[in-house]
Amino acid sequence: MEMLTIGAFAKASRLSPKALRLYDELELLRPARVDPETGYRYYAPEQLEQARLVAWLRRLGMPLAGIREVRALEPAAAAREIRAFWARIESETATRRDLAAFLVDHLSRTVPGDRNDPSFPGNPSEDTTMLELRYSALSDTGLVRPANQDTAYAGTRVLAVADGFGAGGAPASSGAVEALKFLDHEPLPAGSVLNLLEDAVQGATQAVQEVAGPTNEIGTTLTAMVWTGSQLALVHIGDSRAYLLRDGGLFRITHDHTMVQSMLDEGRLTPEEATAHPQRALLLKALTGSGPAPDLDVRLHDALVGDRYLLCSDGLSAVVPEATIRDTLAAASTPTEAAQALVGAANDSGGPDNVSCVVADLVNAEPE
């Protein structure tokens with residue numbers, strides 16, 4: 001078999017000899033033969049494509065273990081793994097982007113002359129119309145489950161839904177929500193929003209750990225929103241959901257932390273396949289008693305007068321199509337009417353699980 005010296009192989013692959021020696025040391029691309037006396041490396045021509053692939057994956061930022069795995073796969077399977085890797089990178093980047101956007105917005109509010117500064121010409125003055133939430137919370141056992149492990153709460157600032165699981169699911173969900181309620185009465189100056197949210201999340205995690213003990217068989221999802229007076233801060237983990245109805249359109253503003261959702265993100269499942277997948281309820285992240293506290297999604301959303309928000313457990317979203325949810329939210333005149341209609345729709349679809357809904361409208365505050 002014709003062999004290429006490391007110099008010739010470097011030239012053909014457009015990689016430096018130094019890079020090839022590094023790939024050898026990292027066990028990413030071993031030479032076809034090494035001279036036992038001189039230690040000189042020789043490569044086979046068919047290794048050219050492997051060398052280019054390793055270089056590309058390194059530039060992509062894939063860790064060494066992932067590159068080894070991709071190199072061992074057939075092209076179609078390797079393409080799926082690369083797609084899955086990049087989907088994870090994009091998801092992580094989106095979370096960091098949202099946090100960066102919040103920090104830029106928050107810090108900009110303190111800059112003199114900034115457009116968000118009340119003293120900036122043309123900005124709202126003290127007579128700016130104040131906004132508030134009108135809300136309703138409803139939780140139902142459903143038609144199949146013997147007990148309700150959901151918790152739903154709505155207050156002047158805090159909206160929350162938690163879906164407990166395991167033998168202590170009910171106290172886990174109620175403990176997580178209870179840990180957020182202090183935000184209903186705590187002053188929320190702009191500079192303290194993130195710190196207060198972090199404190200609340202730590203409190204929720206600790207409450208669940210006290211119930212669950214050192215196990216991941218007991219735990220809860222948590223989806224909550226906190227009204228700051230101008231924006232809604234979102235905290236989310238698990239497969240409970242938050243939706244926004246705006247101008248007749250329904251938008252899901254949370255991302256499920258489930259195995260099926262990750263397979264959808266990575267292109268391994270179609271939406272049609274996902275609805276019938278046997279593990280569609282398997283959670284990848286939740287608040288449990290085992291391991292370190294998981295990372296929760298924390299985001300800030302701009303709010304407009306007329307917005308209607310829905311927080312719900314999967315007892316609704318798993319059995320009622322989003323088109324029906326949208327139509328029901330749009331048709332209801334009040335949050336209470338909407339929550340009752342949505343719980344009714346879930347039970348009309350068989351009520352296989354506990355179902356909880358929190359509906360809140362953003363409206364102009366009535367003068368005192």
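Just so you know, these numbers come straight off a predicted model, no measurement behind them. Residue numbers start at 1 and run along the sequence shown.
- Rounding to the nearest 0.5 angstrom, the gap separating the CG atom in Leu300 from the CE atom in Met225 is 9.0 Å.
- The structure places CZ of Arg21 at 5.0 Å from CD1 of Ile6, a figure rounded to the nearest 0.5 Å.
- Here the options are Val320, Leu143, Leu316, the test is side-chain contact (heavy atoms from CB on, under 4.5 Å), and the partner is Ser349; only Val320 passes.
- The closest side-chain heavy-atom distance from Leu342 to Ile325 is below 4.5 Å.
- The pair Arg241-Asp314 does not count as a salt bridge, with every side-chain nitrogen at least 4.0 angstrom from each carboxylate oxygen.
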*Stepwise side-chain contact (heavy atoms from CB on, under 4.5 Å) test for His257 and Asp297*: CA-CA 10 Å; His257 298 136; Asp297 294 345; 2.9 Å; yes
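- In terms of modelled atom types and a separation under 3.5 Å, the side chain of Asp150 and the main chain of Thr141 share no donor-acceptor contact.
- Checking side-chain atoms of Asn148 against main-chain N and O of Asn354 turns up no donor-acceptor pair under 3.5 Å.
- Remark: Tyr40 OH to Thr5 OG1 distance equals 5.0 Å, nearest 0.5 Å.
- Within 6.0 Å of atom CZ in Arg252, more than 12 heavy atoms from other residues, nucleotides or ligands are found, so the atom counts as buried in its surroundings.
- Proximity of Phe9 to Arg41: side-chain heavy atoms (C-beta onward) are nowhere separated by under 4.5 Å.
- Under the 4.5 Å side-chain criterion, counting only non-hydrogen atoms from C-beta, Leu53 is not in contact with Glu49.
- The two residues Asp302 and Arg246 come nearest to each other via the heavy atoms O-NH2, 3.3 Å.
- Residues meeting the salt bridge (charged side-chain N to carboxylate O under 4.0 Å, His left out) test with Asp348, sequence neighbours left out: none.
- Arg308 has a carboxylate O that lies under 4.0 Å from a charged side-chain N of Asp361, or vice versa, which qualifies the two as a salt bridge.
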*Output, in order, the C-alpha distance, side-chain angles, deciding distance and verdict of side-chain contact (heavy atoms from CB on, under 4.5 Å) for His301 and Asp307.*
CA-CA 11 Å; His301 289 270; Asp307 285 349; over 6 Å; no
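- A donor-acceptor pair under 3.5 Å is formed between the side chain of Gln47 and the backbone N or O of Arg30.
- Proximity of the aromatic rings of His236 and His255 is defined here by a centroid distance below 6.0 angstrom, and this criterion is not met.
- Within the model, atoms CG of Asp24 and CG of Leu29 stand 8.0 Å from one another, a figure rounded to the nearest 0.5 Å.
- Residues Ile253 and Leu232 share a hydrophobic cluster, clusters being chains of Ile/Leu/Val/Met/Phe/Trp/Tyr side chains in contact below 4.5 Å.
- Proximity of a side-chain donor or acceptor of Ser356 to a complementary backbone N or O of Val161 within less than 3.5 Å is not detected.
- Residues Leu22 and Lys18 fail the side-chain proximity criterion, which asks for heavy atoms closer than 4.5 Å.
- Panel note: side chain Asp140, backbone Val355; no donor-acceptor pair is recorded below 3.5 Å.
- Using modelled atom types, one side-chain atom of Arg71 and one backbone atom of Leu28 make a donor-acceptor pair closer than 3.5 Å.
- Closest non-hydrogen pair, Gly219 versus Val208, comes out as CA-CG1, 4.1 Å.
- Here the closest heavy-atom approach between residue Ile218 and residue Ala167 is recorded as CG1-N, 3.9 Å.
- A 4.5 Å side-chain heavy-atom check between Leu329 and Val359 finds at least one atom pair inside the cut-off.
- Looking at residues two or more places apart in sequence or on another chain, you find a salt bridge (charged side-chain N to carboxylate O under 4.0 Å, His left out) between Lys181 and Glu178.
- Note on Val158 and Leu310: separate hydrophobic clusters, where clusters join Ile, Leu, Val, Met, Phe, Trp and Tyr whose side-chain heavy atoms are under 4.5 Å apart, directly or indirectly.
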*Passes side-chain contact (heavy atoms from CB on, under 4.5 Å), Asp199 versus Gln202? Steps please.*
CA-CA 5 Å; Asp199 291 344; Gln202 290 177 350; 4.2 Å; yes
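- With hydrophobic clusters built from ILVMFWY side chains whose heavy atoms lie under 4.5 angstrom apart, Val211 does not share a cluster with Ile237.
- The side-chain heavy atoms of Ile82 and Leu60, taken from C-beta on, include a pair separated by under 4.5 Å.
- Connection of Leu138 to Tyr153 is not established within any shared hydrophobic cluster, with ILVMFWY side chains joined at heavy-atom distances below 4.5 Å, either directly or through further cluster members.
- The closest side-chain heavy-atom distance from Leu15 to Tyr23 is below 4.5 Å.
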*Step by step, would you call Thr223 with Ser240 a side chain to side chain donor-acceptor pair (under 3.5 Å)?*
CA-CA 6 Å; Thr223 300; Ser240 297; 4.6 Å; no
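- Residues Ala172 and Thr220 come closest through the heavy atom pair O-CG2, 3.8 Å.
- Within the 4.5 Å cutoff, the side chain of Leu362 has no heavy atoms near those of the Leu304 side chain.
- Using modelled atom types, one side-chain atom of Gln149 and one backbone atom of Gly166 make a donor-acceptor pair closer than 3.5 Å.
- Within 6.0 Å of CD in Gln206 there are 12 or fewer heavy atoms belonging to other residues, nucleotides or ligands.
- Val235 and Phe182 fall within the same hydrophobic cluster, defined by Ile, Leu, Val, Met, Phe, Trp and Tyr side-chain heavy atoms under 4.5 Å apart, directly or through other members.
- Within a 6.0 Å sphere centred on CD of Glu217, other residues, nucleotides and ligands contribute 12 heavy atoms or fewer.
- Between atom CD of residue Glu69 and atom CD of residue Glu81 there is a gap of 4.5 Å, rounded to the nearest 0.5 Å.
- Across all their heavy atoms, Val343 and Cys357 have their closest contact at CG2-SG, 4.1 Å.
- A side-chain hydrogen bond (donor to acceptor under 3.5 Å, both in side chains) with Thr151 is found for one member of Ser174, Ser139, Ser173, Ser313 and no other, namely Ser173.
- The minimum heavy-atom distance between Ala162 and Leu222, with the atom names listed, is CB-CD1, 4.3 Å.
- Annotation: Asp247, atom CG; neighbour count of heavy atoms from other residues, nucleotides and ligands within 6.0 Å does not exceed 12.
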*asked:* Apply side-chain contact (heavy atoms from CB on, under 4.5 Å) to residues Phe165 and Thr288 and explain how you reach the verdict.
replied: CA-CA 10 Å; Phe165 56 85; Thr288 66; 3.9 Å; yes
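- Residue Leu159 holds its CG atom at 10.0 Å from OH of Tyr309, rounded to the nearest 0.5 Å.
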